[in-house]
Amino acid sequence: MSALEQIRKRPALIISILGLALLLFIFTAISNPEKLFSDPSTIAKVDGKKIDYADFQQRVDQLRSQYEAQGYKNIDNAMLQEQAMQSLIDEQLMNAEMEKLGIVVTPEELGQVMLGQNIPMPIQQLYYQRQQQGLYTGYELHELATNPQQYGLDAQTAAAYKQQWADLVEQVRQMLTQQKFASLLTGALVANNLDAQAQYTENNGSREIRFVKVDASTLSDSDVEVSDADIRKQYDADKNMYRLDEDTYLVSYILSHVTPSDADRLEATQAVEAALMGMREQAGTKALADNNKFVVTRLNTAEKYLPANIKDKLESLKQDTVQQLSFYDNKYTLAKYLGADVAVDSISFDIIGIAESADVDSILAALNAGAALADMPEGAIMQSQLDQRVSLLNGNPNLNLVLANATVGEYFNAPDYTGTPNMVFRLVSKDAPVPVYSIAEVTYQLEPSSATINDTQSRLRAYVANNSNSKDFAANAVSAGYTAIPATVNNSSLSINNVADTRALAKWAVNAKKGQVSDVYSNDDKSFFIAAALNNKYDKGYTPVSDSQVNAQARAKVVRDKKIETLQERYNGKGNSVDQYASAMNAKVDTATVTFGQNYVRGFMPGDGKLIAAVSAAKNGEFAGLVPTDYSVVAFEVIGDNAPEREFDEVNDVTYFQQSQGANNVLRNWNLILRANKSVDNKIQKFFND
């Protein structure tokens with residue numbers, strides 16, 4: 001009874017114990033307890049608004065299709081995913097801004113530009129791009145998406161077309177929204193004559209100066225004293241240069257490429273020598289039939305079409321029959337001369353498109369009877385391309401065969417080869433036959449052996465094991481034959497320093513502890529191995545002044561400024577003319593042209609803004625005195641104002657200002673402007689394990 005009495009006296013304690021026990025039960029009942037409190041479908045948040053993983057994956061697929069349609073292969077998934085994420089973030093920011101401004105695109109506007117009679121050029125270009133990818137656009141896609149039963153589409157196909165249409169509508173809506181915003185901004189930021197006149201003067205106004213100078217670099221760093229307070233002050237002045245939008249991880253990584261060993265090279269050399277000998281002794285390329293490391297390409301063409309490396313050695317190849325042509329980029333190229341024949345190379349022919357509604361046979365008969373194309377019934381001839389020259393030794397072999405056997409001057413069609421009876425040809429002329437050479441081009445790619453790959457991996461693993469902290473990992477790299485390369489990683493990174501196939505290592509970096517060294521990773525084809533060490537982590541905000549690179553940059557500025565101050569004190573008051581300062585400085589007088597709109601003056605460091613400002617403010621014909629600039633102290637005088645190279649052109653100069661500094665410049669950087677004060681939480685790393 002005493003125990004029950006104690007429980008009755010402490011109900012809050014018992015409730016706490018039961019609650020803790022329940023939590024422990026839940027946490028042990030699932031493999032990933034943290035997922036209870038996470039949003040499994042949100043891959044990013046932009047100012048609190050979610051980006052869903054499904055939308056992200058759909059954007060990745062769209063980008064992949066676009067790249068593939070353009071002929072790209074082996075596309076890096078990490079690159080696609082980073083591009084997809086950035087485009088979705090930019091869209092989210094843009095949509096929020098458009099909502100604030102009240103910019104909307106109505107369904108009527110969308111219908112007009114997508115299905116109307118006069119489709120705008122940007123939408124036409126979008127349609128053309130989709131057509132190149134084999135996709136429906138405009139009215140056809142709208143019909144398939146909205147009336148699937150009429151076209152006998154199954155549910156799955158109908159859903160696919162419906163999604164395609166929805167995606168296209170959204171894409172066009174985005175385009176129209178941005179177009180409206182651009183028009184609004186361009187109308188609001190209108191360049192006036194004063195803006196254009198000022199820019200014109202800067203870019204066309206110039207002055208001649210006579211000067212003498214001493215550079216800060218003439219002093220040693222030890223000639224000035226720099227305190228931590230000086231560096232901190234400079235850092236504070238430049239702090240916005242070191243802004244971090246995300247937590248940032250500083251790593252050093254070693255990238256070890258797998259290259260053929262001496263043993264691999266010896267084996268390849270022996271294999272190539274055996275192949276050369278075998279091709280000399282056996283017919284054709286029979287000696288290579290059982291060796292898939294040799295790639296054989298049969299060439300049967302005229303001399304002018306041969307690859308340059310074969311053409312250059314054609315005469316000696318005829319004599320030797322078999323040769324090694326080259327060894328470049330770890331690839332051997334061999335060739336075997338198989339003989340020669342003669343054949344017609346070039347021909348000239350007409351190609352004529354006949355309307356489907358026309359009688360092709362009657363048109364052929366009329367043309368072969370001597371009728372002209374202009375005599376054919378109206379609308380019968382769709383198009384014609386006359387006197388087209390082609391090589392019969394290259395291109396479409398089926399069509400070439402038809403043309404080679406055709407009779408000069410006769411019209412004919414060849415539906416079995418062209419796929420349509422409405423394509424009519426006429427052979428205009430044949431060139432004289434030329435020698436046709438039959439040559440086997442053989443290549444052998446020198447690849448690292450499995451032993452070499454394993455040795456490269458084992459060597460880096462041994463280095464990692466012997467240098468298991470970030471300090472040793474970087475410090476001992478050179479002596480071990482490696483280079484430790486610095487890089488930064490954050491939650492948006494899907495690679496290390498843009499090295500393909502390093503997503504897993506990037507994810508390791510954002511989850512590692514300071515000082516840790518990773519395991520050894522490789523890309524898919526094991527052409528390299530990579531390992532990294534986490535040197536430090538900087539929280540979102542600013543890179544601290546303690547960072548070695550930031551500290552070095554701030555110190556360099558402080559040292560330079562203090563040198564300028566020292567030189568200013570040393571030479572101030574040493575004269576009243578350029579010549580007197582030249583004597584005091586023991587330096588040579590020089591002249592230069594200063595154009596105000598340019599950041600470079602001959603004889604000075606690029607970007608010396610203080611010099612250009614001082615010259616623009618000085619009076620013509622008067623000594624300006626001793627002036628400190630960004631990189632030197634200068635005594636100068638203006639000796640002449642140069643006339644502008646052209647007159648002010650109000651229309652063109654206003655347009656130029658609008659492009660370079662006005663609304664168009666704002667539009668080019670609008671995504672960066674929108675991000676400036678927005679919160680972006682990118683969770684992409686948590687969705688991928690490799």
Side-chain angles (χ1 to χ4, degrees), residues 194-226 230 233-234 237-238 241 553-648 653 656-657 660-661:
L194 293 177
D195 295 326
Q197 180 73 57
Q199 188 175 47
Y200 160 80
T201 301
E202 287 179 356
N203 287 297
N204 292 277
S206 64
R207 310 185 93 175
E208 300 294 326
I209 64 169
R210 186 169 176 267
F211 70 92
V212 64
K213 70 182 178 74
V214 177
D215 293 327
S217 59
T218 59
L219 296 180
S220 171
D221 290 358
S222 61
D223 291 335
V224 296
E225 293 184 3
V226 177
D230 293 330
K233 183 179 179 181
Q234 185 65 55
D238 298 335
M241 294 171 54
Q553 290 174 6
R555 174 178 286 275
K557 283 189 176 182
V558 171
V559 168
R560 191 183 69 209
D561 289 347
K562 284 184 174 288
K563 287 180 180 180
I564 297 295
E565 291 173 7
T566 301
L567 292 172
Q568 182 78 359
E569 293 174 0
R570 179 181 298 177
Y571 294 111
N572 197 28
K574 297 294 184 181
N576 296 309
S577 68
V578 171
D579 293 309
Q580 289 178 1
Y581 271 101
S583 178
M585 294 175 173
N586 193 26
K588 184 177 73 172
V589 176
D590 201 352
T591 60
T593 301
V594 179
T595 301
F596 306 134
Q598 298 177 2
N599 67 350
Y600 174 73
V601 178
R602 185 189 62 79
F604 292 85
M605 290 290 290
D608 199 331
K610 289 181 181 178
L611 169 70
I612 297 172
V615 172
S616 66
K619 293 182 179 180
N620 189 8
E622 294 185 7
F623 176 59
L626 186 67
V627 177
T629 74
D630 290 322
Y631 299 95
S632 57
V633 291
V634 183
F636 74 91
E637 59 182 339
V638 178
I639 58 176
D641 287 317
N642 298 321
E645 294 182 1
R646 63 174 180 83
E647 295 295 324
F648 176 67
D653 283 311
Y656 178 65
F657 179 88
S660 60
Q661 298 186 43

- Give, for atom CE of M605 and atom OG of S632, the distance between the pair rounded to the nearest 0.5 Å. 10.0 Å
- Task: Taking atom types as modelled, find out whether Q234 and D238 have a side-chain donor-acceptor pair closer than 3.5 angstrom.
- Result: yes
- Item | Point-to-point distance, once rounded to the nearest 0.5 Å, from OG1 of T591 to CZ of R602 | 5.5 Å
- Would K563 and D561 pass as an ion pair if we require N to O under 4.0 Å? no
- Message: Between D630 (side chain only) and G609 (backbone N and O only), is there a donor and an acceptor less than 3.5 Å apart?
- Response: yes
- Item | Any side-chain heavy-atom pair of V638 and K619 under 4.5 Å | no
- Message: Using every non-hydrogen atom in the two residues, find where S616 and A613 come nearest and quote the distance to one decimal.
- Response: OG-O, 2.8 Å
- Note on the structure: Heavy-atom nearest pair, V601 first then V594, reads CG1-CG2, 3.9 Å
- Note on the structure: Nearest heavy-atom approach of A614 to V627 is CB-CG1, 3.8 Å
- Closest heavy-atom pair, I564 versus A216, reported as atoms and distance to 0.1 Å, is CD1-CB, 3.7 Å
- Centroid separation F211 to Y581 less than 6.0 Å: no
- Message: Does R560 qualify as a cation-pi partner of Y631, given the criterion of NZ or CZ under 6.0 Å from the six-membered ring centre and within 45 degrees of its axis?
- Response: yes
- Item | Residue pair N642, E208: steps toward the side chain to side chain contact (heavy atoms under 4.5 Å, CB included) verdict | CA-CA 7 Å; N642 298 321; E208 300 294 326; 2.8 Å; yes
- With the threshold set at 4.0 Å, does a side-chain nitrogen-carboxylate oxygen contact exist between D230 and K562? yes
- Message: So, applying side chain to side chain contact (heavy atoms under 4.5 Å, CB included) with V578, which one of D590, I639, V634, V589 is it?
- Response: V589
- Task: Look up atom CZ in F623 and atom CG in D579, then write down how far apart they are to the nearest 0.5 Å.
- Result: 9.5 Å
- Query: To the nearest 0.5 Å, how far apart are OG1 in T566 and CD in E225?
  - Reply: 10.0 Å
- Item | Nearest-0.5 Å distance that lies between atom CD1 in I209 and atom OG1 in T593 | 8.5 Å
- Query: Between K213 and D608, is there a side-chain N and carboxylate O pair less than 4.0 Å apart?
  - Reply: no
- Query: Under 3.5 Å, is there a donor-acceptor pair between the side chain of N572 and the main chain of E569?
  - Reply: no
- Message: Quick check: closest heavy atoms across A584 and K574, and the distance to 0.1 Å?
- Response: CB-CB, 3.8 Å
- Please step through side chain to side chain contact (heavy atoms under 4.5 Å, CB included) for the pair Q580 and S577, ending with a clear verdict. CA-CA 5 Å; Q580 289 178 1; S577 68; 3.3 Å; yes
- Message: Let me confirm one number: the OH-CG distance from Y600 to L611, rounded to the nearest 0.5 Å.
- Response: 12.0 Å
- Query: Could you walk me through whether V226 and R555 pass the side chain to side chain contact (heavy atoms under 4.5 Å, CB included) check?
  - Reply: CA-CA 8 Å; V226 177; R555 174 178 286 275; 3.8 Å; yes
- Take L567 and L219 through the test side chain to side chain contact (heavy atoms under 4.5 Å, CB included) and record every step on the way to the result. CA-CA 9 Å; L567 292 172; L219 296 180; 3.9 Å; yes
